[in-house]
There are 2 protein chains.
Amino acid sequence: MTATDAQRGPVTTEPTPPTSVAHSDLLTVPFAGAPIFTRSRALRPTGKVLPEHARSHNRALVLQTLYSSGAQSRADIARETGLTRVTVSDLVAELISEGLVVELGQREDARPGKPATLIDVARDAFQIIGLDLSEHEVFRGAVTALDGTIAERAELARDGATGEEAVRLVEALVDRLLGLTTIPVLGIGVGSPGVVDPLGVVRSAPNLGWVDLPLQERLAARTDLPVHVANDANVAILAEHGETAPGELLLVKVGHGVGAGLIVGGRPVIGGGFAAGEIGHVVVGTDGGPRCACGKDGCLEAWVAEPRLRAQLEAVGADREVILHEAGRRLGIVLAPVVGALNLTEVVLSGPADLLDGAFHEATVDTLRKRTMAELNRDLRLRMSEQAEDIVLRGAAVMVLSGQLGVS
Amino acid sequence: MTATDAQRGPVTTEPTPPTSVAHSDLLTVPFAGAPIFTRSRALRPTGKVLPEHARSHNRALVLQTLYSSGAQSRADIARETGLTRVTVSDLVAELISEGLVVELGQREDARPGKPATLIDVARDAFQIIGLDLSEHEVFRGAVTALDGTIAERAELARDGATGEEAVRLVEALVDRLLGLTTIPVLGIGVGSPGVVDPLGVVRSAPNLGWVDLPLQERLAARTDLPVHVANDANVAILAEHGETAPGELLLVKVGHGVGAGLIVGGRPVIGGGFAAGEIGHVVVGTDGGPRCACGKDGCLEAWVAEPRLRAQLEAVGADREVILHEAGRRLGIVLAPVVGALNLTEVVLSGPADLLDGAFHEATVDTLRKRTMAELNRDLRLRMSEQAEDIVLRGAAVMVLSGQLGVS
DNA sequence: TTTGTTCGTAAGGTTTACTAACAAACGTGA
DNA sequence: TCACGTTTGTTAGTAAACCTTACGAACAAA
């Protein structure tokens, strides 16, 4: 079962070319999430800007304003964006004609003057499909609304599948999810483990046996929908932060492995080799540590990955507090240089709450404070993610929303 | 002695408002180094884009092309930028009228067609003043050409001056440098130790006893020239990288203290508290270490700062190789998580070559490789800076160039 | 009923970069 | 030598984008 024509959003004029987590570098990333716009130029770091690009940007700005501030009038948007009412009207007309925005009727409250016509993003005109391939035993997926709320779920047991077999599982999951959709689909977002490049090629995912797998291309060809693929932790952080908001954020995702997502200067960090956030195999401390699968001693993953922690806790005579405290401390030791170098103000922990939200968390905070300069990092906050298990699915929705509409 | 009116560049229409290292966030940083343009809006993270902004961007693009590719014809620029010859001609005419670009006469080589008129940035029509306040004993300054080559130097011994006294020294140095200029000055760039915010306020510089010192404002008011102030390491990295080129880079500056500058996604990292790169007081390893002035044990600075290293080397029976190797190893330990998290491909060391370029350097590389994931960081390069002592002065020139013309 | 406010739209102007066309200036080759 | 092709830079006209100005519609408050 594949998507029917009726399911395709009016927004996507093409089968959607490569593009992924970050707003590719259309002119040093000005029109970050330009919509429609096929962002196919990753070549020159900087390029010319035409008036039409400005319009794309302003269009996205209007959409973003509506999306985050909720239903409001054209005049409200004009005030908030700094554009004139005339220009906003023009942009809104375009958005309405594309089905992305709808009029809701007149505002109720009693004020002098002509009553405002409320408009809003057509929040229930599209759905998004999100996939989380980061779990070890199961591929999870969901159909979400534009705001990320989950409408339908589906799972497929992985049963150790790798390589092409695993790809077919992913395809089957997508097919099943498409069957669960009830309205047009804006796009598909995928959080995959491993190293994923900006074109959505999984360069390397050892657990799944994938090497240079063009997952974006495969799914786009199969469904004829816009597809965005990125590393699972880099996707997860979008659920916490959005893709366009300002600020700095680090998310550490503890599961079968340990990975991180980073946002610096308001934008996701990809890394020179597309492997940003891969801190699982950084060695912690100078006093050895457990042997890691990678061959080194004392890798972060050997200290804090979920299987390792659970195994330790189940050992005879294990002291839960001590074990979790030590693991949290090890995480703090690795994060301290990163927090210091980037002067981060917010760090988020994502993973099994029964392990992380307690002694572990406290030890991490404590260690971070003790190992960085107090005055500089006074504002530092370390918190648990509130998104629980769905963080990747919701992040995938944000990724699609951002990639297709320039909104998050 | 202050700047005469004749020394003011035609480019600066105003006494130049606050602005500093990074291209402040004019609309999510699209028109990075927009010239003339008073970039006074740090409020909304994202804002509207008008056609005139697009023009600013294209103007800077033309200038950048000329600056980096050297003298060429309007048609060449058109081909390289993707703009049409008509548009390039128009922009160039504007730049010529402002004195930023000059015609050099016809191209010599024999080709069919109308001979091209070569144009170039008016490389000898402006000078830049750079200041390096990061050394402990002396404030250094230079008058440079647009390309960063140093024309004149000046120094003032600090003699332990702090607070207002130190500010007066800086002002005296600026005055002396202005007296050494022979043509209009494009602006003044300052690399200061400590935490410097985007408005050029030195939030905190313990060595100089500065707290919330509005250095940018002070110097701008005094000279009526554009002034840019940033942290010394963040300035230094501009000399290595430029402010607009793509890529990731980390520069570690070892001197009286230890600091770092970071460029991620092609842009300088400032940090939530404007203290990005302050890794000097991050604790290294889990086996203690020398007591640091800040009170903690085993801070990076306590391991590798220049005074500490020199003292160790002068001790009786000191083994030079062992000492430098251990210091380098400690640096590697701190950098490993940063390199891993950001997936950096290039790290630069700046500081006294007699200490850093040898066993120290080797130990850092070696440690970095051993403590990160080999496959992901295979492309990692760690090299010594080639800019030696002038790195901050040259970076300051880049900062001004970038801030005023959108060029680097 | 009058007055003032607010909303959305219409008309017209400015800026921007584009396409099309051209003259100038130069090699090349018959 | 002279027609021809090529390249450069400019002129003229067009399309797109946003702006300012102005207006009618619709409402609250006096």
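Letters go in sequence order (proteins before strands), and every chain restarts at 1.
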Checking [X] now: which residues fulfil side chain to side chain contact (heavy atoms under 4.5 Å, CB included) with it, not counting sequence neighbours?
X        : result
A:Val398 : A:Leu238, A:Ser408
A:Ala396 : A:Val235
B:Ala151 : B:Gln127
A:Ala78  : A:Arg85, A:Val88

Check salt bridge (Lys or Arg N to Asp or Glu O under 4.0 Å) between [X] and all other residues, then give those that pass, not counting sequence neighbours.
X        : result
B:Asp76  : B:Arg79, B:Arg107
B:Asp120 : B:Arg123
A:Arg55  : A:Asp90, A:Glu94
A:Asp124 : none

Next on the checklist: From C-beta outward on A:Val86, which listed nucleotide comes closest to its side chain: C:dA11, C:dA20, C:dG8?
Outcome noted: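 Of the options given, the side chain of A:Val86 lies nearest C:dA11.
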Checklist entry - Is a donor-acceptor contact shorter than 3.5 angstrom present between the side chain of A:Arg85 and the base of C:dG8? => result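 Indeed, a donor on one side and an acceptor on the other fall under 3.5 Å apart.
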Checklist entry - How is B:Arg107 classified with respect to the nucleic acid when contacts are heavy atoms under 4.0 Å: base, sugar-phosphate, or nothing? => result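 Here B:Arg107 touches no strand at all.
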Checklist entry - First contact, last contact: which nucleotides of DNA chain D are these for chain B, 5' to 3', heavy-atom distance under 4.0 Å? => result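 Nucleotide range with atoms under 4.0 Å of chain B: D:dG5 to D:dC19.
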Item to check | 5' priority, DNA chain D, between A:Val88 and B:Glu103 [closest heavy atom] | outcome: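 Closer to the 5' end of DNA chain D: B:Glu103.
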Item to check | Per-nucleotide protein contact string for nucleotides 24-30 of chain C (B base, S sugar-phosphate only, - none; heavy atom under 4.0 Å) | outcome: BBBS---
Checklist entry - side chain to side chain donor-acceptor pair (under 3.5 Å) with B:Ser68: which residues, sequence neighbours excluded? => result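 Not a single residue meets the side chain to side chain donor-acceptor pair (under 3.5 Å) criterion with B:Ser68.
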Item to check | Atom pair OH/CG of A:Tyr67 and A:Leu146 - distance to nearest 0.5 Å | outcome: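 These two atoms lie 6.5 Å from each other.
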Filtered N/O pairs between nucleotides 14-17 of chain C and protein, under 3.5 Å:
{"unit_1": "C:dA17", "atom_1": "OP1", "unit_2": "B:Asn58", "atom_2": "ND2", "d": "2.7"}
{"unit_1": "C:dA17", "atom_1": "OP2", "unit_2": "B:Arg55", "atom_2": "NH1", "d": "2.6"}

